[in-house]
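Excluded from the calculations below are hydrogen atoms, water molecules and symmetry mates; all remaining heavy atoms, backbone and side chain alike, are included.
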Amino acid sequence: MSYVYTVARLRGMENHILDTAFFSRLMDSAGIDDALKALGETSYSQWLSQSAGFDKAIDSEILATCEELKTFVPDKELLDIFRLPYDFHNVKVLLKGLFKVRGGESEGRRYDLLSKLGTIDTEELTNAIETEEYGFLPYGLTDLIPQCWQLWDQTKNAQAVELLIDHQMFAAMLKVAEGLKMPDIVRWVRCKIDVENLRSAIRLARMKYDSAKALPFFHDGGTIRADDMSRLLNEPQETWSRTLSYTDIGGVLSALNEQSDINAALSDVSKSLDDYLIKVLESAKYSMDAPANVLLFLLTKEAEARNMRVALVCVAGGLDREFGRRLLSNGR
């Protein structure tokens, strides 16, 4: 199936992606009113007048982008891969709320934390989980949610439930990607699993977690085996880049080691890993018929939204602007 028309449309839309210079100006705003005034000349302005707060406005912009892409992207599963994590986020929010309600907290539900960016309508998902009618849910959720309840009843361990949900999320993403039969997309999902596993390894190392008990924290399906990731905890962090030198992500760690201690600069690591997931697909830019351009565009738009949040939170809260700049993803 040809993607020439799709890529041509995306190239036109890329002209509206906000660049690094814009976020630099936004970060220099004297206050939130000046920052919102700067947004008046961007596509976000239409949502600021309709939404309660800039966070909802940012989500509205991403959702509108997804809806526009649905009108001309041949394989809708490419959009699903991007949106699917928001479905699993919503499952976590709903289950955590019900756990609290059943534990006696009448105000446990937090519908305000649900995201409309998922592929499943939030009202339908809420109704399915609260009435225990899971039969129509996709991505293996029909079987997953009862497993979550069973695990909660046995352990009352919310973190264990979250891990179970994340395991299924990555398995579902990989299944959708493999169904598309697009090697670049499959590789990206596997790299995303590597990134999440590496984040887990860094967090566990900071906690001095026992490597023998760490395996359940790592997800299968990445380019690096889960048990190889767990074994990193037996080694000093400064050697991880050498251990992973045979992988693409090893290069990210090497660059970070040259700049700072990855154990001390977790924010730098997180930003670099987010940027890495965009770079995995950057070769698609040189093709006018590569489906990977769809996912690349969405990731770039998501990075723009992340930068927007960082800048506006810094300005509104009077936070350290230089630290905020360090958190900004690389712009176009």
Side-chain angles (χ1 to χ4, degrees), residues 66 70 75-103 105 108-111 113-182 185-197 199-200 204 213-227 229-230 295:
C66 289
K70 278 172 63 175
D75 295 288
K76 302 302 182 288
E77 293 83 358
L78 280 170
L79 306 179
D80 292 346
I81 287 173
F82 172 77
R83 300 182 68 174
L84 187 153
Y86 294 99
D87 289 316
F88 282 79
H89 160 81
N90 288 341
V91 169
K92 289 180 184 178
V93 169
L94 290 168
L95 285 178
K96 284 181 180 178
L98 288 176
F99 292 162
K100 290 181 178 180
V101 168
R102 293 196 183 181
E105 295 184 39
R109 292 180 175 88
R110 289 294 307 274
Y111 299 128
L113 297 179
L114 295 175
S115 171
K116 293 186 179 297
L117 293 176
T119 66
I120 309 169
D121 179 80
T122 53
E123 290 187 11
E124 291 180 6
L125 182 62
T126 300
N127 185 63
I129 291 179
E130 293 189 346
T131 61
E132 300 185 14
E133 296 289 341
Y134 316 128
F136 76 94
L137 294 177
Y139 311 132
L141 291 172
T142 299
D143 296 323
L144 174 67
I145 295 172
Q147 291 172 20
C148 290
W149 273 113
Q150 183 179 19
L151 182 59
W152 174 254
D153 288 338
Q154 292 172 349
T155 67
K156 296 296 186 289
N157 186 332
Q159 184 183 52
V161 173
E162 281 204 37
L163 281 170
L164 181 61
I165 293 171
D166 286 341
H167 288 330
Q168 179 59 31
M169 179 189 74
F170 286 116
M173 291 181 70
L174 197 54
K175 183 176 181 179
V176 173
E178 289 172 344
L180 284 167
K181 301 187 185 305
M182 298 175 181
I185 304 302
V186 173
R187 177 173 174 265
W188 180 83
V189 173
R190 296 187 71 196
C191 288
K192 184 173 176 64
I193 296 171
D194 289 339
V195 162
E196 185 57 33
N197 283 341
R199 283 193 172 111
S200 295
L204 293 171
K213 300 177 182 178
L215 189 57
F217 289 88
F218 298 99
H219 311 291
D220 292 323
T223 67
I224 307 167
R225 289 166 20 123
D227 52 356
M229 277 289 194
S230 67
L295 188 52

Residues which pass side chain to side chain contact (heavy atoms under 4.5 Å, CB included) with [X], listed by chain and number, not counting sequence neighbours:
X: S115; value: Y86, H89, N90, L117
X: L113; value: V93, R110
X: Q154; value: Q150

Could you give the distance from [atom1] ([X]) to [atom2] ([Y]), rounded to the nearest 0.5 Å?
X: D153; Y: C148; atom1: CG; atom2: SG; value: 11.0 Å
X: Q147; Y: I165; atom1: CD; atom2: CD1; value: 10.5 Å
X: T119; Y: I81; atom1: OG1; atom2: CD1; value: 11.5 Å
X: W188; Y: L295; atom1: CH2; atom2: CG; value: 5.0 Å
X: R190; Y: D220; atom1: CZ; atom2: CG; value: 11.0 Å
X: N157; Y: L151; atom1: CG; atom2: CG; value: 7.0 Å

Run the numbers on E133 and N127 for side-chain contact (heavy atoms from CB on, under 4.5 Å), then give the verdict. CA-CA 8 Å; E133 296 289 341; N127 185 63; 5.9 Å; no
Below 3.5 Å, can you tabulate the donor-acceptor pairs from side chains in residues 172-182 to any protein atom, sequence neighbours excluded?
none

Starting from the C-alpha separation in whole Å, work towards a yes-or-no answer on side-chain contact (heavy atoms from CB on, under 4.5 Å) for F218 and L204. CA-CA 11 Å; F218 298 99; L204 293 171; 3.9 Å; yes
So, do [X] and [Y] sit near enough that their side-chain heavy atoms are less than 4.5 Å apart?
X: S230; Y: L215; result: yes
X: K192; Y: F170; result: yes
X: L141; Y: Y134; result: no

Side-chain donor/acceptor of D121 to backbone N/O of E123, under 3.5 Å: yes
Residues pairing under ring pair (Phe, Tyr, Trp, His ring centres under 6.0 Å) where one sits in residues 136-161, two or more places apart or in two chains, turn out to be F99-W149, F99-W152
What's the shortest heavy-atom distance between R83 and K70, and which atoms? NH1-CD, 4.1 Å
Residue pairs meeting side chain to side chain donor-acceptor pair (under 3.5 Å), one or both in residues 159-170, sequence neighbours left out, come to K92-D166, K96-E162, H167-H219
Atom NZ of K213: over 12 foreign heavy atoms under 6.0 Å: no
